[in-house]
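Following: one structure in C-alpha cells, then a few remarks.
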Amino acid sequence: MGKKVRVRFAPSPTGDLHVGNIRTALFDWAYARHTGGTFIFRIEDTDTTRVTDEYIAAAIDTLRWLGLQWDEGPEVGGEFGPYLQSQRLEIYAHWAQKFLDQGDAYYCFCTAEELEARREAQKSANVAPGYDGKCRNLSTQEIADFRDQGRPAVIRMRMPEGETKFVDRIRGEIVFDHKYVPDFVLARADESPLYTLAVAVDDILMKVTHVLRGEDLLSSTPRQIRVYQAMGVKEEDFPTFAHLPFVMGQDNAKLSKRNGEVSIAWYRDKGFLPEAICNYLALLGWSPGDDVENITMQQLTELFTVERVNSSPARFDMKKLESINGDKIRALTLDDFLSRALPFLLESRVISGTDKEIALVKAALPIIQERITRLDEISGMLKFLFVKTFSIEESSLSKVTDSAAKSVLRRSLEDLTALTSWTHTNIEEVLRAALIEDLGLKPRIAFGVVRVSVTGSTISPPLFESMELLGKDSSLARISAALSL
RNA sequence: GCUCCUGUAGUCUAUAUGGGCGAGGACGUCACCCUCUCAAGGUGAAAACCAGGGUUCGAAUCCCUGCAGGAGCGCCA
C-alpha cells in the first residue's frame, strides 16, 4: 500500500438520501477517518432527468446533519474538482473520444426500439439479455450510410473476450466472464456521459484508492475496470473494491417507503439523533466485536475496519434504532438536550420561545430524559406545563369523578394549600401523610387521582416534580377544578 | 432464463487462521424485582448454527450438492 487512502461517497440524488445511502456514506467516512485518509463527496448527476438541485441540496444538508464531514466535495472544493459530474462534461467527452480513437469504443446506431425488440427475443430464447454486438465492426461505409440517414449514435465500449478478475475486500476473489458482460454504453447520442463512463473516469482522476459501495454495483465492476484499462491505468493503480451488503426492509424486501421509512429527513423530523442513526447503521453489516454496541462517532472511526464488514445482507429494525436513540438521549448533557429539544417544542407550538418558557423547559427536561426514545415525544410530555386552557383528557376523566376520587382531591387541596415551601419533597411529604398514612390509600390509587387532575393524563412525568414545576397556584387551581367536575 | 452474491434465535451480530460452542451479547418478547403512572434500572426465561453429503481425531467454522433469499443483465445509477 503506502498510498494515502482516498475514499468517496458518490450518490446520485434522484430523491432524498435513504438509509442504505447513509450506511454507505458512514462506512466510507469511517474508513477514511480510520486510516487518516481523505473523504471525498461527489455528486453523480449525469442523469439530468432524475437528479434535481433540490435533491442535491438535501443530500449535502443530510450529510452535514449527520456529522459526516467531507474533505473534498461540494461547498468545500478540493484539488480534483469540480465534484459535480454535471460540471465535468468536457472531461468525459475527452475520454470517450480517446476510447473511440483507440478502437476501445465504437459508435452504435441501434435504436432504442431495435434494442428492446432484440432483448425480448433473447429473453424468449432463454439467453441472457444484453447487447449483441451488432454495430461492433461496422465498416466506414456502413457508418457513413447510417450518418446519412440521420441516425443518432451512442458510444459503446467494446468488451474483449476473456474475464475480469478482482479481489473484493469483503467478498474475496470475484471473476466475471465477459460472455456475461455485454458491450455497454458510455455516452448518449447527445454525447452526454453515462454513469459507467463518469464513475470510472472520476475515480481515477480523483485518485480514489478504495471504492466502498453497495452490493448492487458488484456486477458493474468489470465495466469500470474495462474503462480503467482503456484509460491506460496500470492494474496496481486500480482502486480496491469493497461491496457492502444490502440494508433491507423488515420483510426482507428492498427498503422502500412501504416498509419502514427510508428518507433520512423523516428520521430527523421524528426526533432521532444523528449519532443514534449512525451508531445503529454502523451495526448493520459491521460490528466492533467484544459485545460492544453503543459507540460514539469517535470510537467508530477508531474501530472501523473493512475486514470486519460482513458480506450478508441486514434487515433494518426500527425497534433497535429506537432503543439506541433512547440511550443516546439519556447520555446527553442538559444543555445539549435543551438545544435539541427546543426546535421540537417550537415546531409543535407548545412554547413560543420566551426566556421564561425556556427556563421552565430546562428545569423539566431532566425528569423526562429517561422516559423518551425520540425527541418528538417531548411536546406531549411537557405540554401540561404550558397550556393556557387546561383540560383532562377524555379517557382519563372517569378517574377523578367518583366519590373516592373526590375525597382524595378535597384532602389534597386542603393540606397543600397550607404548604408554604413548594418543593417536590415537601409536596410528596404532605400528600403521603394525608393520603397514604391518614386515609390509608394505596399510593398508586391516590397519586393517580392527583396526577390526572394536575397533568390531565394517567401517564405523566413524576408527579411531585411535575407539581413543583407547575407551581402552587396552577396545581391547586387544577385540583379544585377537577373537584367541581 | 443466465451470471453473481448471501445463508447463526423474530432482528442485528460475536466467536481473529476448525477444538471451552453442552453457541455469547444486544433489540424485541415473556416473567419477576424496584416503583406515584410511564419509563429507566435489576434479575431470569423462551428463542439459532438452512438441508444432505464429504474432508478431519474433531466442523457452526473447510469442500461439494441441493434448497432458500437477494442483486445484476438499460441511451438508470
Side-chain angles (χ1 to χ4, degrees), chain A residues 10-12 14 44-47 49-51 108 110-112 115-116 119 122-131 152-156 168 170-171 174-177 179-182 184-190 192 194-196 198-199 213-221 243 245-246 248 250 252-254 280 283-294 307-308 310-324 326-327 330 368-373 381 428 431-432 435-436 442-452 455 457-464 466:
Chain A
S12 181
T14 55
E44 311 236 322
D45 56 348
T46 52
D47 185 353
T49 62
R50 294 170 65 212
V51 178
C108 169
C110 300
T111 64
L115 292 172
E116 184 54 34
R119 258 197 296 273
Q122 284 167 325
K123 270 185 201 164
S124 45
N126 273 346
V127 182
Y131 189 65
V154 301
I155 299 171
R156 217 176 257 284
D168 185 286
I170 294 171
R171 285 151 219 282
I174 310 266
V175 182
F176 281 97
D177 190 318
K179 271 187 296 208
Y180 309 110
V181 187
F184 56 97
V185 177
L186 294 170
R188 301 180 179 89
D190 65 3
S192 62
L194 253 37
Y195 166 80
T196 45
V199 250
R213 48 152 37 163
E215 182 189 338
D216 50 334
L217 269 352
L218 183 61
S219 54
S220 80
T221 308
H243 289 89
F246 280 117
M248 297 187 298
Q250 342 255 12
N252 218 12
K254 210 173 172 185
Y280 174 66
L283 265 18
L284 256 29
W286 177 80
S287 153
D290 296 329
D291 294 339
V292 174
E293 285 200 334
N294 192 328
E307 284 64 38
R308 289 197 68 89
N310 282 114
S311 51
S312 55
R315 250 117 341 226
F316 184 83
D317 182 7
M318 185 75 79
K319 281 285 200 304
K320 178 115 182 182
L321 204 212
E322 287 183 336
S323 167
I324 290 177
D327 288 341
R330 269 168 252 132
I368 63 165
Q369 189 161 13
E370 68 183 27
R371 283 160 228 279
I372 58 171
T373 59
M381 289 206 148
E428 176 166 10
L431 289 182
R432 276 194 191 280
L435 307 176
I436 313 305
K442 282 195 184 333
R444 58 181 301 132
I445 304 292
F447 298 147
V449 172
V450 182
R451 179 190 313 285
V452 170
T455 70
S457 171
T458 52
I459 298 170
S460 84
L463 179 60
F464 314 117
S466 295

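Note: hydrogens, waters and symmetry copies are ignored here, and every other heavy atom, side chains too, is used. In what follows, every chain begins at residue 1, and chains take the letters A, B, ... in the order their sequences are listed.
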Any strand: nucleotide that pairs with B:G41 via Watson-Crick or wobble, under 3.5 Å: B:C33
For B:A23, the Watson-Crick or wobble counterpart (both distances under 3.5 Å): none
Integer angstrom distance from the P of B:C50 to that of B:U6: 15 Å
Closest to side chain of A:L115, choosing from B:G70, B:C75, B:A40: B:C75
Sugar-phosphate only, base, or nothing, as touched by A:P129 at under 4.0 Å among non-hydrogen atoms: base
Closest to the A:E370 side chain, choosing from B:C5, B:U37, B:A40: B:A40
Touch class at under 4.0 angstrom, heavy-atom based, for A:A314 against every strand present: sugar-phosphate
Integer angstrom distance from the C1' of B:G44 to that of B:G25: 16 Å
Of A:D291 and A:S287, the one whose closest RNA chain B nucleotide lies more 5': A:S287
Nucleotide paired to B:C49 in any strand shown, Watson-Crick or G-U, under 3.5 Å: none
Carboxylate-amine/guanidinium proximity below 4.0 Å for A:E116 and A:R119: yes
Nucleotide opposite B:G74 in a Watson-Crick or G-U pair, distances under 3.5 Å: none
Sugar-phosphate, base or nothing in reach of A:Y195, heavy atoms under 4.0 Å: base
Touch class at under 4.0 angstrom, heavy-atom based, for A:S460 against every strand present: base
Atom-to-atom span, CZ of A:F246 to P of B:U11 - whole angstrom: 19 Å
Give me, pair by pair, the N or O atoms of the protein and of nucleotides 33-36 of chain B that are less than 3.5 Å apart, along with how far apart they are.
| from | atom 1 | to | atom 2 | distance (Å) |
| --- | --- | --- | --- | --- |
| B:C36 | OP1 | A:R432 | NH2 | 2.5 |
| B:C36 | O2' | A:R451 | NH2 | 2.9 |
| B:C36 | O2 | A:R451 | NH2 | 2.4 |
| B:C36 | N3 | A:L463 | N | 3.3 |

Who pairs with B:A60 - Watson-Crick or G-U, where each distance is under 3.5 Å: none
For B:A68, the Watson-Crick or wobble partner whose two distances fall under 3.5 Å: B:U6
Whole-Å C1' distance, B:A46 and B:G10: 12 Å
N or O in side chain of A:R171 less than 4.0 angstrom from B:C4 OP1/OP2: no
Nearest listed nucleotide, side chain of A:F176, among B:A39, B:C76, B:U3: B:U3
Nucleotide B:G72, atom P - distance to CD1 of A:I174 in whole Å: 16 Å
Sugar-phosphate only, base, or nothing, as touched by A:T458 at under 4.0 Å among non-hydrogen atoms: base
Presence of salt bridge, A:D190 and A:R188, under 4.0 angstrom: no
Provide a list of protein-nucleic acid N or O atom pairs under 3.5 angstrom, restricted to nucleotides 26-30 of chain B.
| from | atom 1 | to | atom 2 | distance (Å) |
| --- | --- | --- | --- | --- |
| B:A26 | O2' | A:E293 | OE1 | 2.7 |
| B:A26 | O2' | A:K320 | NZ | 2.9 |
| B:A26 | N3 | A:K320 | NZ | 3.1 |
| B:C27 | O2' | A:K320 | N | 3.2 |

By side chain to side chain donor-acceptor pair (under 3.5 Å) - contacts of A:R451 (at least two apart): A:S460
Sugar-phosphate, base or nothing in reach of A:R50, heavy atoms under 4.0 Å: base
Candidate nucleotides B:U37, B:A77, B:U6, ranked by approach to the side chain of A:R371 - the nearest: B:U37
Side chain A:D216 and base B:G72 donor-acceptor under 3.5 Å: no
Sugar-phosphate, base or nothing in reach of A:R308, heavy atoms under 4.0 Å: sugar-phosphate
Over 12 foreign heavy atoms within 6.0 Å of CG, A:D290: no
